Structures are given as C-alpha cells and as structure tokens.
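Before any comments, here is the structure.
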Amino acid sequence: MQVSADASNTRPATNQPDAVDKLPSFCIALPVYNEAAAIENCIVGIAAFLKTVPTRTAILAVDDGSSDETWEILARLKRDIPSLIIDRHTQNGGYGAAQRTLCRLAAEHHFEYALVMDADGTQAPHYIENFFEPMRNGVDFVKATRYDKNGAVEGVPWQRYWISRLGNMFAHFVMRLPVTDFSNGFRAIRTEAWTKIATTERNFVVLIEEVYLAGKLGLTFGEVPYVLSVRKETGSKSKFTYHWGIYRQYLRYVFKR
C-alpha cells in the first residue's frame, strides 16, 4: 500500500529558472530507506545544485517503509524546499518497488528525464552535470560508470571492488550491451522510455533486469563518468547484501535471451 504526501492534483513548485536552454526537464529520483543519518545533507546538497540548472527540475523522494525518522525528516524538508516531492510506502517493498513508484511520479509530473541517485551521499551532486549532454541528445538510458571514461572508486575495500569490477566485466562481455557498470544505480532515463520498462524484481537485481529489458526494447544507451566515494555520515549503511543468492539472480539476466 502506498500513501502519497501530495494529495492534490496540482503540480508542486519546481525549480524553473527564467533562462531555459535545450536541456530537458528532469527530476532527481531518490529511493530512500532508513537514511535518517544522511538524507537531509543529501537533499539539501542536491537542491542547492539544482538552483544553478537552467531547466525545470525537482527532487522526488520515495520513503520505502523506513523504520527510523526518515519520513519525518522528509516532511520537514518539504516545508523548506518547495521543489521536493515526497511519497511513502507504508511497508517496505524493496528497492525495485521504490523505483517503480519513482517512475510513476516522474511521469505524473511530466518530467522528460528521471535521474536516479542514492540517498546516502555517496554520489556528489556535481556529477549530475555529466548527464546533461546525453540528455540533450535524447539518449534513452544513461548510466554513470565507475569503470570506464575516467570513472573511479575511492575508499571501497578491495574485495568489494574486484567482486563488482569482475562481475560487471563479465556481464558486459556476455550481454553485449554498451554498458560497463550494470550494478550502478546512478542513472538518467528518459521518462517515456522508463514507463515501458516493466520490471518485477524487488531487490537490487532490478538494476540488471532494467538494463536487460531496455536492451530488448531497443533503447539507446550512454555512459558518463563518476567517482564513487564511501559514506561519510555515521549510521548510513549500504543496503546491498553480498551473498550467492543475489549473484545467482544477477546471472539469470546475464544469460537470459
């Protein structure tokens, strides 16, 4: 069950500078779960960056049934940031469910692109600008990459780095798609295209399911660099669980035809 914090049908205030260039309108889409330690700094930083962007923007945040104070913080932030649009799942539905709600909201608010970021502060707002050129060019699906085009990883244990690096290299080789970082959730998707990607996965496997389905739909792909950094806020922890069950689920889509 989902309870929306925006009960009216009127479109909320968004950042819309007077001088609008050819950059498409876009929203920052944040799936949020138990991020009370990080969410305020994350949203305030993104909002400050968006004020410099010459197109209509907003921040969409979906609280996926958090058990901490995340929802209360989001409600307070909304009073001070008019372009923040919030929605709440009364029960945790998983990362995939949060993605599908964000897609619906992006379409309902008529944004041309949704730029999905993590809510834990590991993706600095200035990297948003890297997506502007492919968005201007109408690319359907733009992934940030840690592993190509000057991307990098900082402060991550070497075991985690190589598990991710080798897994993504393998997926790139087998799936034959122009993507080097399948498991990265930092991406911009043309909203009309995103509504056609009918994902079903609950957990982080939805990221590779999404790329697989986008390839089947014949969508265009692009990549931009970014540097992944470790979490700075005490209490903010990765929601990704490393175990063989997750890897098996990823492999289903790597070999799926």
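Note that the coordinates shown come from a computational prediction; the quantities given were computed from them, not determined experimentally. Count residues from 1 along the sequence.
Minimum interatomic distance between Tyr33 and Asp64 (heavy atoms only, all atoms of both residues): CD1-O, 3.2 Å. In this structure, Ile46 and Leu30 approach most closely via the heavy-atom pair CD1-CD2, 4.1 Å. Minimum interatomic distance between Ser183 and Leu207 (heavy atoms only, all atoms of both residues): O-CD1, 3.3 Å. Ala119 and Ala38 get closest at one heavy-atom pair: O-CB, 3.9 Å. Taking both residues in full, the closest heavy atoms of Thr195 and Ala107 are given as CG2-CB, 4.0 Å, listed atom of the first, atom of the second, then distance.
In this structure, the side chain of Gln99 does not engage the main chain of Val206 through any donor-acceptor pair within 3.5 Å. Side chain of Asp118 to backbone of Asp120: no donor-acceptor contact under 3.5 angstrom is found. In this structure a side-chain-to-backbone donor-acceptor pair under 3.5 Å is present from Glu209 to Glu201. Looking only at distances, a side-chain donor or acceptor of Asn34 sits under 3.5 Å from a matching main-chain atom of Ser67. Looking at Thr70, its side chain does come within 3.5 Å of a backbone N or O of Glu35 through a donor-acceptor pair. Distance alone, capped at 3.5 Å, places no donor-acceptor pair between the Glu210 side chain and the Thr199 backbone. Not one N or O on the side chain of Arg190 forms a donor-acceptor pair closer than 3.5 Å with the backbone of Val139. Remark: side-chain polar atoms of Arg187 are paired, donor with acceptor, to backbone N or O of Gly185 under 3.5 angstrom. Judged by distance alone, with hydrogens and angles left aside, the side-chain atoms of Asn92 form no donor-acceptor pair with the main-chain N or O of Gly65 at under 3.5 Å. Within the 3.5 Å criterion, the main-chain N or O of Ala36 finds a donor-acceptor partner in the side chain of Asp68.
Partners of Asn130 under the side-chain contact (heavy atoms from CB on, under 4.5 Å) rule, at least two apart in sequence or in another chain, are Tyr127, Val224, Pro225. Shown here are the side-chain contact (heavy atoms from CB on, under 4.5 Å) partners of Glu72, two or more places apart in sequence or in another chain: Glu69. By the ring-ring contact (aromatic ring centres under 6.0 Å, His included) test, Phe186 pairs with Phe131, Tyr226, sequence neighbours left out. Every residue meeting the side-chain contact (heavy atoms from CB on, under 4.5 Å) condition with Glu112, not counting sequence neighbours, appears here in chain and number order: Pro24, Ser25. For Tyr95, the ring-ring contact (aromatic ring centres under 6.0 Å, His included) partners two or more places apart in sequence, or in a different chain, are Phe204. Listed by chain and residue number, nothing satisfies the side-chain contact (heavy atoms from CB on, under 4.5 Å) test with Ala48 (two or more places apart in sequence, or in another chain).
With hydrogens and angles left out, the side-chain atoms of Ser66 and Asp63 include a donor and acceptor closer than 3.5 Å. No donor-acceptor contact under 3.5 angstrom links the side chains of Thr55 and Arg136, judged on distance only.
Taking the six-membered ring for Trp and the full ring otherwise, Phe26 and Phe111 have centroids separated by 6.0 Å or more.
Within the 4.5 Å cutoff, the side chain of Val32 has no heavy atoms near those of the Trp71 side chain. By the 4.5 Å heavy-atom criterion applied to side chains, Leu60 and Thr101 are not counted as neighbours.
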* To do: Could you go through the salt bridge (Lys or Arg N to Asp or Glu O under 4.0 Å) check for Lys143 and Asp181 one step at a time?
  => CA-CA 7 Å; Lys143 277 269 199 179; Asp181 201 346; over 6 Å; no

